[in-house]
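Input: a single structure, listed below in structure tokens.
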Amino acid sequence: MPISIVMPQLGESVSEGVVGRWLKQVGDRVERDEPLVEVITDKVNAEIPAIAAGILRAIIAAEGEAVAVGTEIAVLDEAAPATGAAPAAAPLVRVPPPPATPVAPAGPTTLGAAKAERRRGSPLVRRLARERGIDLAALSGSGLGGRITKRDILALHEADADTATPPLGGDDEQLRISPVRRLIAEHMVRSTSTIPHATAFVEVDMTGLVRRRADVREAFRGREGFDLTYLPFVVHAAAQALARFPVLNSEWRETAILRRGHVNIGIAVSLEESLVVPVIRDAAGQSVPRLARAIHALSERARTGKLSLEDVREGTFTVNNPGSFGTVLSLPIINEPQAAMLTMDAIVKRPVVVEGDAIAIRSIMFLGLAFDHRVVDGLIAGRFLATAKAHLEQTGPTLDLEPTR
């Protein structure tokens with residue numbers, strides 16, 4: 001019995017994925033839960049397992065093709081014998097990669113049923129066509145049965161843009177946009193165009209925490225096998241502040257504000273050409289050592305391409321650490337549909353005025369909070385930042401960094 005394999009939902013805000021690599025070929029025997037295809041989104045690279053055992057009868061979505069969630073990408077024949085040969089009545093088909101540009105506009109003879117068939121595209125395809133002023137009825141798609149794909153729309157749009165663009169001069173170079181880069185771009189545009197961003201900052205005196213980390217750093221590394229960074233301290237402070245101001249642990253819905261019951265904090269991890277946000281679940285109840293352990297494990301899996309779907313799902317708040325690259329003040333873009341993102345910048349020694357109007361050298365860090373102004377106003381954002389700031393500034397010699405499991 002044929003089983004349809006569809007593009008899975010790989011995150012709350014993910015509407016499509018890119019087929020990165022087929023791990024099985026047409027005619028191969030596949031066992032249940034065996035990795036079938038690698039899918040790429042702006043959040044994660046994930047291996048999608050087979051939902052049943054059988055023979056891979058057809059591959060519909062080519063490698064490199066962007067596919068909307070819920071769209072069929074392959075067909076598995078569950079009733080096929082385990083000999084590796086597909087039934088004669090069900091010939092094997094592999095759909096070739098789509099051409100670089102869509103087929104020329106269809107002529108008058110394509111009207112009627114064929115025209116209606118070709119106009120069938122995913123909601124994403126229809127939206128892209130509207131945004132670019134493209135008439136779907138005038139196109140023949142490169143997908144199965146003439147279906148118009150996202151790749152067709154983007155190829156036509158890029159071909160028009162290339163025609164209108166003057167020749168490059170000097171040492172200029174036009175770089176091809178990778179599927180992952182395009183997904184990230186679409187996510188960022190969606191966030192900035194739908195969320196009214198507001199941003200607030202506080203200066204945090206990290207001197208006590210810097211000293212405490214220096215005291216325990218070597219012992220921590222010897223015990224845990226990795227370095228103790230400042231990120232788990234900030235995640236811990238954010239979790240404590242979210243417990244006091246849970247409205248920031250929310251999502252805007254058109255009819256209500258959804259306040260999430262768990263504090264699942266995503267951490268932004270930079271890769272060579274992209275950024276992923278794995279999630280620490282139930283962060284509010286975890287100590288700094290446990291958070292450090294979770295951050296290290298997630299970061300390692302992200303950098304080695306071993307994140308699972310569960311690692312990136314159900315995030316409710318995000319902490320970003322551009323300070324690790326030396327930035328001193330950053331304006332974060334919210335990880336839509338979340339209501340806020342906290343960013344930590346570099347800790348820099350600066351002369352500051354302390355008690356008694358004296359000048360002292362202190363280790364200062366900026367914390368920035370980008371928040372959805374539909375969900376909260378500046379009052380709550382300011383109180384949240386003040387709580388996180390106080391938590392970090394009170395960290396010192398009494399902080400327990402013993403190995404709690």
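We use all heavy atoms of the structure for the numbers below, so side chains are in, but hydrogens, waters and symmetry mates are not.
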For a 4.5 angstrom cut-off between non-hydrogen side-chain atoms, does [X] reach [Y]?
X      : Y      : answer
Met7   : Glu16  : no
Val352 : Ile359 : no
Pro289 : Leu291 : no
Leu298 : Val269 : no
Val202 : Phe366 : no
Pro49  : Glu34  : no
Val235 : Ile267 : yes
Thr318 : Leu342 : no

Minimum heavy-atom separation for [X] to [Y], with atom names?
X      : Y      : result
Glu300 : Thr304 : O-OG1, 2.7 Å
Ala238 : Ile265 : CB-CD1, 4.4 Å
Leu242 : Val263 : CD1-CG1, 3.7 Å
Glu65  : Ala61  : OE1-CA, 3.6 Å
Leu183 : Ile40  : CD1-O, 3.6 Å
Leu228 : Ala292 : CD1-CB, 4.2 Å

Going from [atom1] on [X] to [atom2] on [Y], what distance comes out if it is rounded to the nearest 0.5 angstrom?
X      : Y      : atom1 : atom2 : value
Arg217 : Asp215 : CZ    : CG    : 12.0 Å
Arg362 : Ile347 : CZ    : CD1   : 12.5 Å
Asp372 : Ile257 : CG    : CD1   : 8.0 Å
Ser193 : Met188 : OG    : CE    : 11.0 Å
Phe384 : Asn249 : CZ    : CG    : 9.0 Å
Leu248 : Gln338 : CG    : CD    : 11.5 Å

task: Kindly write out the residues that satisfy ring-ring contact (aromatic ring centres under 6.0 Å, His included) with His373, not counting sequence neighbours, or none if the list is empty.
output: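 Partners of His373 under the ring-ring contact (aromatic ring centres under 6.0 Å, His included) test: Phe371.
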
- request: Apply ring-ring contact (aromatic ring centres under 6.0 Å, His included) to Phe201 and list each qualifying residue two or more places apart in sequence or on a separate chain.
  value: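 For Phe201, no residue satisfies ring-ring contact (aromatic ring centres under 6.0 Å, His included) once neighbours in sequence are set aside.
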
Backbone N or O of [Y] within a donor-acceptor pair of the [X] side chain at under 3.5 Å?
X      : Y      : value
Ser299 : His296 : no
Thr199 : Ala370 : no
Arg221 : Phe226 : no
Thr71  : Val67  : no
Ser363 : Met206 : no

Sidechain N-carboxylate O distance under 4.0 Å for [X], [Y]:
X      : Y      : result
Arg21  : Glu63  : no
Arg213 : Asp227 : yes
Arg260 : Glu314 : no
Glu393 : Lys389 : yes
Glu251 : Arg259 : no
Arg29  : Glu31  : yes

Trace of the side-chain contact (heavy atoms from CB on, under 4.5 Å) decision for His187 with Asn335: CA-CA 8 Å; His187 189 190; Asn335 188 14; 3.1 Å; yes

- request: State whether the number of non-hydrogen atoms from other residues, nucleotides or ligands found under 6.0 Å of Arg383 atom CZ is greater than 12.
  value: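 No, because the 6.0 Å sphere around CZ of Arg383 holds 12 heavy atoms or fewer from other groups.
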
- request: Can you label the angle between the His236 ring and the His391 ring as parallel, tilted or perpendicular, going by 30° and 60°?
  value: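 Tilted.
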
query: Should Thr316 and Asn264 be marked as a side-chain hydrogen bond (donor to acceptor under 3.5 Å, both in side chains) after you check the CA-CA gap, both sets of side-chain angles, and the distance that decides it?
result: CA-CA 5 Å; Thr316 63; Asn264 297 335; 5.3 Å; no

task: Among Ile48, Leu36, Val37, Val75, find the one that has a side-chain contact (heavy atoms from CB on, under 4.5 Å) with Ile5.
output: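 Of Ile48, Leu36, Val37, Val75, side-chain contact (heavy atoms from CB on, under 4.5 Å) with Ile5 is met by Leu36 alone.
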
- prompt: Per the side-chain contact (heavy atoms from CB on, under 4.5 Å) rule, which among Leu231, Leu392, Thr327 passes with Met344?
  reply: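 With Met344 as partner, Leu231, Leu392, Thr327 yield a single side-chain contact (heavy atoms from CB on, under 4.5 Å), made by Leu231.
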
field: side-chain contact (heavy atoms from CB on, under 4.5 Å) assessment of Asp205 paired with Ile364
entry: CA-CA 5 Å; Asp205 188 341; Ile364 302 297; 4.2 Å; yes

task: For Pro35, check side-chain contact (heavy atoms from CB on, under 4.5 Å) against everything at least two apart and list the hits.
output: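 Residues passing side-chain contact (heavy atoms from CB on, under 4.5 Å) with Pro35: Leu23, Glu47.
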
field: Listed partners of Arg301 passing side-chain hydrogen bond (donor to acceptor under 3.5 Å, both in side chains), at least two apart
entry: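 Scan of Arg301 (side-chain hydrogen bond (donor to acceptor under 3.5 Å, both in side chains), adjacent residues dropped) gives Asp311.
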
task: Could you walk me through whether Ile334 and His197 pass side-chain contact (heavy atoms from CB on, under 4.5 Å), step by step?
output: CA-CA 8 Å; Ile334 297 170; His197 280 60; 3.5 Å; yes

- prompt: Could you go step by step and tell me if Leu369 and Met341 meet the side-chain contact (heavy atoms from CB on, under 4.5 Å) rule?
  reply: CA-CA 6 Å; Leu369 180 72; Met341 175 185 279; over 6 Å; no

message: Checking Arg244 now: which residues fulfil salt bridge (charged side-chain N to carboxylate O under 4.0 Å, His left out) with it, not counting sequence neighbours?
response: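 If we apply the salt bridge (charged side-chain N to carboxylate O under 4.0 Å, His left out) test to Arg244, skipping adjacent residues, there are no hits.
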
Salt bridge (charged side-chain N to carboxylate O under 4.0 Å, His left out) against Asp345, all qualifying residues, sequence neighbours excluded: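 Partners of Asp345 under the salt bridge (charged side-chain N to carboxylate O under 4.0 Å, His left out) test: none.
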
task: Check the side chains of Thr194 and Glu336 for a donor-acceptor pair under 3.5 angstrom, ignoring hydrogens and angles.
output: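 Judged by distance alone, the side chains do not pair up.
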
